[in-house]
Amino acid sequence: MKLTFLALPPALTALLAVGLPTLLVSSSSRPAAAAPQAAQGANAFVNSIGVAVPIQSAVPDAARSVANEALVAARWEKIFFPRLQELGVRFIRSDIDTHNLASEARIKRLGAMGVVTQGIFDPRGTNWTGHTPAQAVAMLKRVGPHNMLVEGPNEPDLHNPNYAFVFNGKAVPDDPSGIRDYQKALYQAIKTDPATKNVRVVMSSVGHLPKGGEDIIEFADVLNGHFYTPGTAPGSRHDLKKWRQTFGLKPLFVTETGDHTAVYKTDGLWQPGLTEDVQAKNTVRIPFYWFSQGVQRTYIFNFSDGPDPFNSQHNFGMVRFDNTPKPGFTALKNVIVLLKDPGPDFPAQPLDYSLAGDQTNVMSVLLQKRDGRHYLALWQNINSFDPQGLKMVENPTKTITVAVNAPVAGANVYAPTTNGTTAIQAIKGKTFVVEVPDHPVILEMALTPQQLAKVTKPLLAQVPGVRAPTAPTGMAALRPIAGNEVANYGFETGALQPWNDFGTESKVVSEPVYGGTRAVEIGAGDGKGGVNIGVALKPSTKYVLRATTKLSQPGQSARITAAPSGMPRVNETFSHTDYAPVTVEFTTGTDGSTQIFFWKDGGQGSAFGDNFILTTPDQLKSVEAAIAAQELKPVGLNAVSKVEAPTAPLVAPPVTGGTKNFLADGGFESGALGAWQDFGTGSKAVKEDAQGGAYVAQIGVNGGKGGISLQVTGLTPNTAYEWRGFAKIERAGEQARVTAKDFGGKDATILIKTTDYAPFVVPFMTGPNTSGARLIFWRDAGTGAAWGDDFELLAVAQ
């Protein structure tokens with residue numbers, strides 16, 4: 001299955017302008033400017049790692065035709081199941097046989113282990129056994145849609161004539177539209193069946209057909225790339241920015257990448273073989289590298305070797321044919337052990353730090369666990385193998401100083417490729433001098449001395465009581481409020497994290513609540529304690545902390561507290577038994593870090609808290625108004641429980657902090673379209689059926705094609721943006737679309753086909769000489785209307 005993807009000009013992509021969560025690459029030896037750096041959840045990184053495993057084959061590509069089911073079954077029992085469980089990976093990718101009951105049983109068993117299968121469905125025979133879209137849907141229902149993702153045909157334009165791709169009489173490469181026809185049929189079959197409509201569909205891994213990829217992205221939720229390198233550092237052969245300009249900015253999976261260890265190969269494959277030690281370095285660098293580039297998941301090819309030591313295809317594995325692990329298997333397992341953090345996604349907090357030293361080719365990824373610990377991975381992304389001498393290159397380390405401007409107590413340093421899960425350094429203080437090699441070292445930073453003391457083997461235990469919400473509601477999908485520094489401010493995720501519990505059986509409850517569908521309850525055990533969260537704020541700046549709270553019994557007390565580092569704590573005690581706001585004002589210290597507490601002082605009964613706001617005084621009203629627009633709840637000091645939603649239009653003042661929204665009145669709360677231009681279908685702002693607030697934009701009232709359009713100016717060239725919002729259509733079977741165009745690249749479109757409000761995201765990147773874009777909300781031909789609400793245009797963090 002291993003073949004090259006996309007014949008693009010080779011390019012070393014050290015700085016990439018698309019989706020860089022925490023990429024730091026510099027040729028300067030001067031320290032980077034100290035500033036909060038965005039982090040991502042450690043769990044999201046672990047979920048980004050996948051491996052290729054043949055569900056119905058015992059060995060890789062070349063020998064599949066001679067594999068028999070008895071051999072396959074034996075290797076699954078002795079190798080694949082136990083080794084996958086040991087590795088700890090949560091996603092595998094495999095070609096699928098819809099007629100093979102044993103394969104289906106394996107997919108179900110993997111699902112029970114917590115491993116999801118991404119299955120390749122293809123109309124060709126032999127390896128793929130020829131699947132119709134209807135057969136794919138039927139199989140999904142049998143194995144459980146939650147156990148699978150669906151991928152279109154594998155490299156249909158790159159296989160030899162023995163694997164010729166033909167669909168509906170259209171043979172590739174003579175008629176590349178055959179690929180589009182199959183991807184479309186597969187996508188529509190899955191999305192139109194109520195039992196499978198939520199299954200994510202990955203596009204076909206087309207190679208280099210001019211119209212083989214661009215024409216099928218409409219029929220996929222996720223883009224697909226195969227990014228192999230010629231034995232060099234990850235990403236050294238592919239210009240992802242140029243790739244994005246062709247295929248767009250939907251979520252991207254790299255579904256094949258990796259290195260083989262047939263150093264003395266005899267099959268003529270263009271990719272050289274590496275020693276197992278170098279393969280291990282790349283096996284660990286690959287997921288970090290592509291995660292730093294905004295790739296949502298990377299599948300490493302392959303999990304297990306075949307029997308031929310001189311066949312390249314048989315030696316991409318992490319596990320040798322005799323079931324002994326290669327160094328790459330052990331190294332990747334160590335990374336997963338260090339970073340796994342089970343539980344629902346949460347908004348990771350930034351970390352204020354800087355790097356000093358020669359950072360040429362040094363890359364980084366910043367992660368955070370739900371208990372507050374940050375993890376900074378650093379590595380040199382340079383070649384580690386000499387293809388002429390067939391040996392490892394001994395690259396010198398680089399001395400990098402990490403200076404943290406936050407209340408950390410120290411760091412443990414790990415080198416999972418060479419030293420497993422045992423720390424190679426334990427450093428106190430807030431400045432760490434680290435030797436960075438050509439494979440990742442990971443700094444684990446604790447926020448307090450108490451947390452640092454907990455950082456011992458085993459490093460990670462599952463956080464008790466963390467479960468994903470079982471039935472997300474509209475409120476559970478609320479977006480963060482610009483200007484509010486508190487993550488999970490209303491506990492609408494259904495979990496406490498990233499808040500911490502201090503022994504009072506604190507929990508998220510569905511009643512009594514003030515706004516949305518959830519609140520936090522503390523003190524249920526009649527003890528002293530509560531919840532807290534740490535935040536990184538601007539130094540020496542005045543802030544306001546406000547929460548809406550109540551007690552279950554009269555005569556008791558609880559409080560909210562702001563504890564800025566290096567400054568006095570500020571408390572506000574309350575005793576009310578109906579929801580009412582409580583406010584404290586404080587000034588941050590010289591490093592800005594602050595702990596927020598919601599605390600009950602013993603006694604009987606519980607305390608409840610909702611809608612925690614932490615912002616500057618000048619933004620308080622706008623943050624309250626933005627929350628009210630989403631929850632239709634009263635705001636301000638006079639707000640009490642059980643008050644009817646306001647009937648007058650609620651227009652939030654412009655937000656002056658946080659991420660800038662380039663759309664004024666994106667919720668149409670002024671009662672008019674404003675700067676949006678109508679294209680003849682009676683479009684208007686109406687006071688009915690709004691997603692949030694009181695008004696919504698309605699298009700298509702008079703029938704026929706049409707909608708509204710807005711020209712946006714003031715954007716920055718070479719910058720990634722996202723148009724976000726909610727939309728729905730009136731009648732099933734019709735459709736609307738949201739499109740961004742005239743931004744210096746190919747139009748970006750999302751189709752709207754649901755009759756209930758659903759969120760959309762239209763990603764695009766401005767060209768080098770473009771500072772604007774046109775946004776279009778359009779109803780295709782039909783008889784029903786369409787509605788759009790809560791539009792935002794935001795720059796994506798680089």
Side-chain angles (χ1 to χ4, degrees), residues 10-17 20-39 229 231-241 277-278 280-282 284-293 331 335 350-367 374-386 391-406 408 410-419 423-445 797-798:
L12 177 61
T13 321
L15 282 175
L16 187 63
L20 304 183
T22 35
L23 173 60
L24 294 174
V25 181
S26 173
S27 59
S28 171
S29 60
R30 294 174 295 176
Q37 306 291 331
T229 56
T232 52
S236 59
R237 189 173 180 262
H238 301 92
D239 188 337
L240 189 54
K241 180 179 178 181
D277 287 340
V278 178
K281 292 183 179 182
N282 279 358
V284 174
R285 289 194 295 185
I286 281 170
F288 277 114
Y289 176 84
W290 290 114
F291 189 77
S292 78
Q293 307 303 297
V335 169
L351 181 69
D352 191 345
Y353 73 94
S354 62
L355 301 181
D358 180 6
Q359 298 164 49
T360 308
N361 295 321
V362 172
M363 301 185 70
S364 71
V365 166
L366 179 65
L367 306 171
H374 279 93
Y375 292 78
L376 178 64
L378 297 163
W379 74 98
Q380 294 185 57
N381 204 56
I382 56 178
N383 297 344
S384 301
F385 186 72
D386 175 10
K391 62 182 180 180
M392 180 190 298
V393 175
E394 297 294 339
N395 291 305
T397 61
K398 291 193 173 183
T399 303
I400 300 295
T401 299
V402 183
V404 182
N405 186 25
V408 300
N412 282 345
V413 183
Y414 299 88
T417 308
T418 55
N419 292 81
I424 60 175
Q425 283 181 278
I427 310 172
K428 295 182 179 181
K430 299 195 294 185
T431 300
F432 317 120
V433 179
V434 183
E435 295 299 319
V436 178
D438 56 356
H439 53 87
V441 292
I442 300 174
L443 280 72
E444 175 188 53
M445 292 169 277
Q798 299 293 304

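Quick note: numbers below take in every heavy atom, side chains included, and nothing from hydrogens, waters or symmetry partners. As the structure is a prediction and not an experimental result, all values here were calculated from the model.
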Undergrad: Check whether any side-chain heavy atom of S364 lies under 4.5 Å from a side-chain heavy atom of Q37, and answer yes or no.
TA: no

Undergrad: Sorted by first residue and then second, give each salt bridge (Lys or Arg N to Asp or Glu O under 4.0 Å) pair with at least one member in residues 431-441; sequence neighbours left out.
TA: K281-D438

Undergrad: Give the C-alpha distance, both sets of side-chain angles, the deciding distance and a yes or no for side chain to side chain contact (heavy atoms under 4.5 Å, CB included) between V284 and Y289.
TA: CA-CA 9 Å; V284 174; Y289 176 84; over 6 Å; no

Undergrad: Say whether, by atom type as modelled, one donor and one acceptor occur between the side chain of R285 and the main chain of Q380 under 3.5 angstrom.
TA: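 Yes, because the side chain of R285 sits within donor-acceptor range (under 3.5 Å) of the backbone of Q380.
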
Undergrad: For residues N383 and V393, determine if any side-chain heavy atom of one lies less than 4.5 Å from a side-chain heavy atom of the other.
TA: no

Undergrad: Any side-chain heavy-atom pair from V404 and L351 closer than 4.5 angstrom?
TA: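 The answer is yes, as the side chains (C-beta and beyond) meet within the 4.5 Å cut-off.
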
Undergrad: Before you tell me yes or no, could you show the steps for M363 and W379 under side chain to side chain contact (heavy atoms under 4.5 Å, CB included), namely the whole-Å CA-CA distance, both residues' side-chain angles and the distance that decides it to 0.1 Å?
TA: CA-CA 6 Å; M363 301 185 70; W379 74 98; 3.6 Å; yes

Undergrad: List for me each residue that meets side chain to side chain donor-acceptor pair (under 3.5 Å) alongside T232, sequence neighbours excluded, and say none if there are none.
TA: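 For T232 the side chain to side chain donor-acceptor pair (under 3.5 Å) partners, ignoring immediate neighbours, are S236.
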
Undergrad: With heavy-atom distances below 4.5 Å as the criterion, would you say the side chains of N395 and I382 are in contact?
TA: yes

Undergrad: Are the side chains of T418 and H439 in touch, meaning some heavy atoms are under 4.5 Å apart?
TA: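 Yes, their side chains come closer than 4.5 Å.
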
Undergrad: Is T397 close to V436 at the side-chain level, that is, under 4.5 Å between some pair of heavy atoms?
TA: no

Undergrad: Looking only at heavy atoms, which two atoms of A331 and A280 are closest? And how far apart?
TA: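 Looking at all heavy atoms of both residues, the closest pair is CB-O, 4.5 Å.
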
Undergrad: Begin with the C-alpha distance, continue with both residues' side-chain angles, and end with the deciding distance and a verdict on side chain to side chain contact (heavy atoms under 4.5 Å, CB included) for Q425 and L443.
TA: CA-CA 9 Å; Q425 283 181 278; L443 280 72; over 6 Å; no

Undergrad: Rounded to the nearest 0.5 Å, how far apart are CD1 of I442 and CD1 of I424?
TA: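 Rounded to the nearest 0.5 Å, the CD1-CD1 separation comes to 10.5 Å.
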
Undergrad: Under a 4.0 Å threshold between the charged nitrogen and the carboxylate oxygen, would K398 count as salt-bridged to D358?
TA: yes

Undergrad: Evaluate the side-chain proximity of V402 to T431: yes if any heavy-atom separation is below 4.5 Å, no if none is.
TA: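 The answer is no, as the side chains (C-beta and beyond) never meet within the 4.5 Å cut-off.
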
Undergrad: Using the test ring-ring contact (aromatic ring centres under 6.0 Å, His included), find all partners of F385 that sit at least two apart in sequence or belong to another chain.
TA: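 Testing F385 for ring-ring contact (aromatic ring centres under 6.0 Å, His included), a comparison that skips the adjacent residues, returns none.
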
Undergrad: If you compare all heavy atoms of S384 against all heavy atoms of V278, which two are closest, and at what distance to 0.1 Å?
TA: O-CG2, 3.4 Å

Undergrad: Going through the checks in order, is the side chain to side chain contact (heavy atoms under 4.5 Å, CB included) test met by L367 and F291?
TA: CA-CA 11 Å; L367 306 171; F291 189 77; 3.8 Å; yes

Undergrad: So, using side chain to side chain donor-acceptor pair (under 3.5 Å) as the criterion, who are the partners of W290 when residues are at least two apart?
TA: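 Applying side chain to side chain donor-acceptor pair (under 3.5 Å) to W290 gives none.
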
Undergrad: Can you list everything that forms a salt bridge (Lys or Arg N to Asp or Glu O under 4.0 Å) with K430? Sequence neighbours excluded, please.
TA: none

Undergrad: Tell me, do F288 and N381 make a side-chain contact under 4.5 Å, heavy atoms counted?
TA: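 They are not in contact (no side-chain heavy atoms under 4.5 Å apart), so the answer is no.
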
Undergrad: Once side-chain contact (heavy atoms from CB on, under 4.5 Å) is applied, do any residues pair with P350, and if so which ones, sequence neighbours excluded?
TA: P36

